[in-house]
Amino acid sequence: MNRRDFLHTAALGSAASYYTGAPLCVPPTAHPAARMTLSFRPFTLELKHAFGVSVNTRTSTPIVLTTIQYGKLKGYGEASMPPYLGETQESVMKFLSKVNLSRYDNPLELETILADIDALEPGNNAAKASIDIALHDLAGKIMGQPLYNIWGLDRTKTPYTVFTIGIDTPEVVRKKVLEVDPRFKLLKIKLGRDNDREIIRAVRSVSDKPLVTDANQGWKDKERALDTIHFLKENGAVLIEQPLPKEMVDDNAWITERSPIPVIADESIKRLSDLIAMKGVYHGVNLKLMKTTGLREAHKMITVARAFGMKVMIGCMTETSCGITAAAHLTPLVDWADLDGALLSKNDVFRGITFSDGKIILPTAPGIGAVPR
Ligand code: MG
């Protein structure tokens with residue numbers, strides 16, 4: 001140890017010797033007797049266009065908005081429930097009514113609080129995310145720092161978001177692509193019904209932007225899927241999400257071994273345990289807070305995915321700018337972001353993330369930085 005390191009270590013040692021067991025950081029903005037209280041309400045997010053993926057088409061998404069009040073501070077969160085994931089406003093509110101946050105003295109003990117909530121019942125991933133997001137927002141407000149600072153991330157290293165085009169007839173797809181703000185650098189094209197090549201040709205007739213493609217488990221045959229992936233690569237696709245149903249593990253792995261572009265898991269990987277179970281099956285993973293149970297597990301999954309040498313994308317459901325801005329704070333760590341969800345809705349009740357030529361701009365306010373409109 002050189003002299004400088006020794007002095008540094010010695011200084012740390014003497015500082016530590018003053019520590020008497022009292023909390024080093026008391027949440028400064030609340031009365032010592034303050035307690036967290038959770039409230040929630042249902043909300044319907046209306047979409048600008050009918051949104052089609054391989055399994056369904058819809059015009060709205062059920063949401064539950066959460067607030068955690070602590071003294072004068074409020075942390076905001078949400079659960080978004082696209083129907084194919086199996087949660088509903090009723091199931092989320094039933095779960096949330098079992099959560100008692102008033103028993104915790106310190107709202108910054110997120111590991112303990114979120115582990116307790118996770119243990120209440122299996123599943124309920126979106127319901128759990130709605131608490132995780134609000135707690136992270138509150139923690140940032142208590143500390144007076146935006147989440148990217150708390151995680152030690154550089155807010156200028158955010159990626160460009162993709163802009164998503166749902167499945168439709170080739171004519172409508174062409175029209176939707178023409179309507180996209182030209183400043184977005186990447187398009188995400190939903191595939192997986194029976195008109196994949198017509199859709200790609202329709203897109204290519206009006207745009208030469210790189211394409212993120214997503215079959216949403218819509219393909220059933222690995223040889224045909226691989227053929228289509230070669231066609232997509234020739235037409236400027238940079239990746240393919242979830243080519244086959246999640247149950248077809250060996251066939252998805254077969255495609256990954258041969259694909260000329262990265263194969264990214266979405267429906268196959270919800271939580272950390274799935275990521276570990278699917279090691280080697282995909283080149284990468286698309287993380288969404290409504291699958292991962294929120295920011296805390298998503299952050300851990302990024303670390304594990306990187307240790308496995310995997311690519312990482314952060315996506316979203318159709319959510320308000322609350323959930324989407326929360327996810328955006330993790331984007332300095334990832335390869336791709338699919339965070340256009342709030343742009344697809346017409347009654348967003350939060351202001352948060354913005355874009356500059358399609359690049360994600362994080363708000364600088366403490367916590368998530370999403371503000372009710
Ligand atoms: Mg997907």
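Computed over heavy atoms, backbone and side chain alike; hydrogens, waters and symmetry mates excluded. First listed ligand is number 1; within each ligand, the first listed atom is number 1.
- Using a 4.5 Å heavy-atom threshold, the side chains of L191 and L232 count as touching.
- Side-chain atoms of T164 and D340 form a donor-acceptor pair, as typed in the model, at a separation below 3.5 Å.
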Hey, mind stepping through H299 and W151 against ring pair (Phe, Tyr, Trp, His ring centres under 6.0 Å) and telling me if it holds? CA-CA 9 Å; H299 191 274; W151 282 321; 5.3 Å; yes

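- Of all N/O/S atoms in D214, OD2 sits nearest the Mg ion (ligand 1).
- Among heteroatoms of the N, O or S kind in D266, OD2 lies nearest the Mg ion (ligand 1).
- Residues L96 and S130 form a side-chain contact, since some pair of their non-hydrogen atoms from C-beta on lies under 4.5 Å apart.
- Look at E241 and the Mg ion (ligand 1): an N/O/S atom of the residue is under 2.8 Å from the metal.
- The distance from the Mg ion (ligand 1) to the nearest N/O/S atom of E267 is not under 2.8 Å.
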